[in-house]
Amino acid sequence: MELFDICDEQGNPTGDTVERSEAHAKGICHRTAHIWIAKQENGRYKVLLQKRSMDKDSFPGRYDTSSAGHIQAGDEPMESALRELGEELGINAQNEDLDFAGTFRIQYEKEFHGKMFRDNEVAFVFVYQKPVDIADLTIQKEELDGVSWFDLEETYEACKNHDQKFCVPIGGLETVRKYLKERIR
């Protein structure tokens, strides 16, 4: 059984917990960690996106954030981010490898596999910019079907236009774009 900390609108735990299925059935606010793997190439940023497994309970087969996951009850955003990178992609990162870029809200209701899915999250966004070779990654097959590099600005435009190839949260893209634009070397 997966337990999440119930949180307020800013992502601060309230002291109560909720089971994953109940959080998504009732739309109870909880926290997630989103990690964006980014690199500069020819003056433009590229981001590594994962293709979600066809077995996922939401947005199967669509491209999403590099790595993301729920923050388990009692855990902190950074430790969850590091764990997700390791589990999903086989990247053994340290605290100093991740830069905190901000938070954003995710709220929606959508039907998947005949069931209503109500998401209500505060997402903590981290950026990882160490070199990554797709061939060296250890992909968690239960979670994702693969990964690919995408141009950040082209992906942002595609998501703004509701391109069904992607399920990247627009708030996450905006947070990482702002963070990277402030740090162009």
Side-chain angles (χ1 to χ4, degrees), residues 2 4-12 20 23-39 45-72 75 77-78 80-85 87-89 98-113 115-129 140 143-182:
E2 272 189 277
F4 304 152
D5 288 314
I6 296 174
C7 68
D8 65 17
E9 301 286 313
Q10 287 72 47
N12 301 306
R20 178 191 182 115
H24 289 151
K26 296 181 178 175
I28 297 170
C29 193
H30 56 284
R31 303 180 302 165
T32 55
H34 290 227
I35 307 91
W36 289 83
I37 298 173
K39 68 177 180 179
Y45 274 106
K46 288 192 169 218
V47 288
L48 187 78
L49 299 182
Q50 63 167 262
K51 186 172 186 184
R52 295 170 64 84
S53 161
M54 291 305 289
D55 297 327
K56 293 295 285 178
D57 60 1
S58 62
F59 303 108
R62 291 169 62 180
Y63 282 97
D64 200 354
T65 309
S66 308
S67 180
H70 290 92
I71 298 173
Q72 303 300 313
D75 286 357
M78 175 64 80
S80 291
L82 294 170
R83 185 185 65 244
E84 291 298 332
L85 266 180
E87 287 176 1
E88 293 184 354
L89 302 173
L98 295 180
D99 295 320
F100 179 66
T103 63
F104 72 97
R105 292 298 311 270
I106 298 174
Q107 290 179 286
Y108 67 87
E109 286 188 17
K110 193 169 171 63
E111 190 175 308
F112 296 101
H113 309 294
K115 258 189 348 201
M116 278 310 290
F117 188 92
R118 293 173 179 87
D119 213 2
N120 184 8
E121 304 176 355
V122 175
F124 289 75
V125 179
F126 297 91
V127 179
Y128 181 86
Q129 292 186 79
Q140 184 181 24
E143 295 284 326
L144 50 150
D145 286 341
V147 294
S148 297
W149 287 104
F150 289 87
D151 182 90
L152 176 61
E153 295 306 318
E154 290 171 13
T155 302
Y156 181 62
E157 289 304 316
C159 290
K160 279 197 329 193
N161 293 311
H162 308 289
D163 184 330
Q164 293 303 297
K165 176 179 179 179
F166 301 100
C167 66
V168 177
I170 201 78
L173 272 169
E174 288 168 347
T175 303
V176 78
R177 282 177 76 234
K178 181 177 184 282
Y179 175 83
L180 291 171
K181 281 184 177 179
E182 290 170 356

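None of the values given here were measured: they were computed from a predicted structure.
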Practice item. Could you list the residues that satisfy ring-ring contact (aromatic ring centres under 6.0 Å, His included) with F104, not counting sequence neighbours? Key: H34
Point to revise | Residues that Y156 engages under ring-ring contact (aromatic ring centres under 6.0 Å, His included), provided they are two or more places apart | key: none
Point to revise | Listed partners of E88 passing side chain to side chain donor-acceptor pair (under 3.5 Å), at least two apart | key: Q50, S67
Point to revise | Reported CG-to-OG1 distance for the pair L48 and T65, which is rounded to 0.5 angstrom | key: 11.0 Å
**Study point:** Partner residues of N161 under the side chain to side chain donor-acceptor pair (under 3.5 Å) criterion, sequence neighbours left out
**Key:** none
Study note, to complete from the structure: Residues passing the ring-ring contact (aromatic ring centres under 6.0 Å, His included) test with F4, sequence neighbours excluded, are H30, H70
Practice item. May I ask you to test the E87-E143 pair for a side-chain heavy-atom distance under 4.5 Å? Key: no
Review point. Distance from T155 atom OG1 to F150 atom CZ, nearest 0.5 Å?
Key: 6.0 Å
Exercise for review: Test R105 against N120 for side chain to side chain contact (heavy atoms under 4.5 Å, CB included), laying out the working first.
Suggested key: CA-CA 7 Å; R105 292 298 311 270; N120 184 8; 2.2 Å; yes
Point to revise | Flag side-chain contact, heavy atom, 4.5 Å: Q10 against V122 | key: no
Exercise for review: For the residue pair L152 and L173, establish whether any side-chain heavy-atom pair is separated by less than 4.5 Å.
Suggested key: yes
Check your understanding: I37 and L85: side chain to side chain contact (heavy atoms under 4.5 Å, CB included), yes or no, with the steps?
Key -> CA-CA 10 Å; I37 298 173; L85 266 180; 4.0 Å; yes
Check your understanding: Is there a donor-acceptor pair under 3.5 Å between the side chain of S80 and the backbone N or O of I71?
Key -> no
Exercise for review: Kindly indicate whether the side chain of L144, heavy atoms from C-beta on, has any atom under 4.5 Å from the side chain of L89.
Suggested key: yes
Exercise for review: With sequence neighbours excluded, tell me which residues meet salt bridge (Lys or Arg N to Asp or Glu O under 4.0 Å) with E2.
Suggested key: R20
Practice item. For K51 and Y63, run side chain to side chain contact (heavy atoms under 4.5 Å, CB included): C-alpha distance rounded to whole Å, both residues' side-chain angles, the deciding distance at 0.1 Å, then the answer. Key: CA-CA 4 Å; K51 186 172 186 184; Y63 282 97; 3.7 Å; yes
Study note, to complete from the structure: Sorted by chain and number, sequence neighbours left out, side chain to side chain donor-acceptor pair (under 3.5 Å) with E154 holds for none
Check your understanding: Is a side-chain N or O of Q164 found less than 3.5 angstrom from the main chain of H162, in a donor-acceptor match?
Key -> yes
**Study point:** Pairwise side-chain contact, H24 with D119, heavy-atom cut-off 4.5 Å (strictly under)
**Key:** yes
**Study point:** Any residue meeting salt bridge (Lys or Arg N to Asp or Glu O under 4.0 Å) with D5, in chain and number order, not counting sequence neighbours
**Key:** R31
Study note, to complete from the structure: By salt bridge (Lys or Arg N to Asp or Glu O under 4.0 Å), D99 pairs with (sequence neighbours left out) none
**Study point:** Residues which pass side chain to side chain donor-acceptor pair (under 3.5 Å) with R52, listed by chain and number, not counting sequence neighbours
**Key:** S58, D64
Study note, to complete from the structure: Residues passing the salt bridge (Lys or Arg N to Asp or Glu O under 4.0 Å) test with K46, sequence neighbours excluded, are E41
Check your understanding: Hey, which of E153, E182, E157 is the one that makes salt bridge (charged side-chain N to carboxylate O under 4.0 Å, His left out) with R177?
Key -> E153
Review point. Do V47 and V168 touch side chain to side chain, with heavy atoms closer than 4.5 Å?
Key: no
**Study point:** Residue pairs, two or more places apart or on separate chains, that pass salt bridge (charged side-chain N to carboxylate O under 4.0 Å, His left out) and touch residues 162-176
**Key:** none
Check your understanding: If you measure from CG on D145 to CE on M54, what distance do you get to the nearest 0.5 Å?
Key -> 7.5 Å
Exercise for review: Test side chain to side chain contact (heavy atoms under 4.5 Å, CB included) on L49 and F166 and set out the steps.
Suggested key: CA-CA 9 Å; L49 299 182; F166 301 100; 3.7 Å; yes
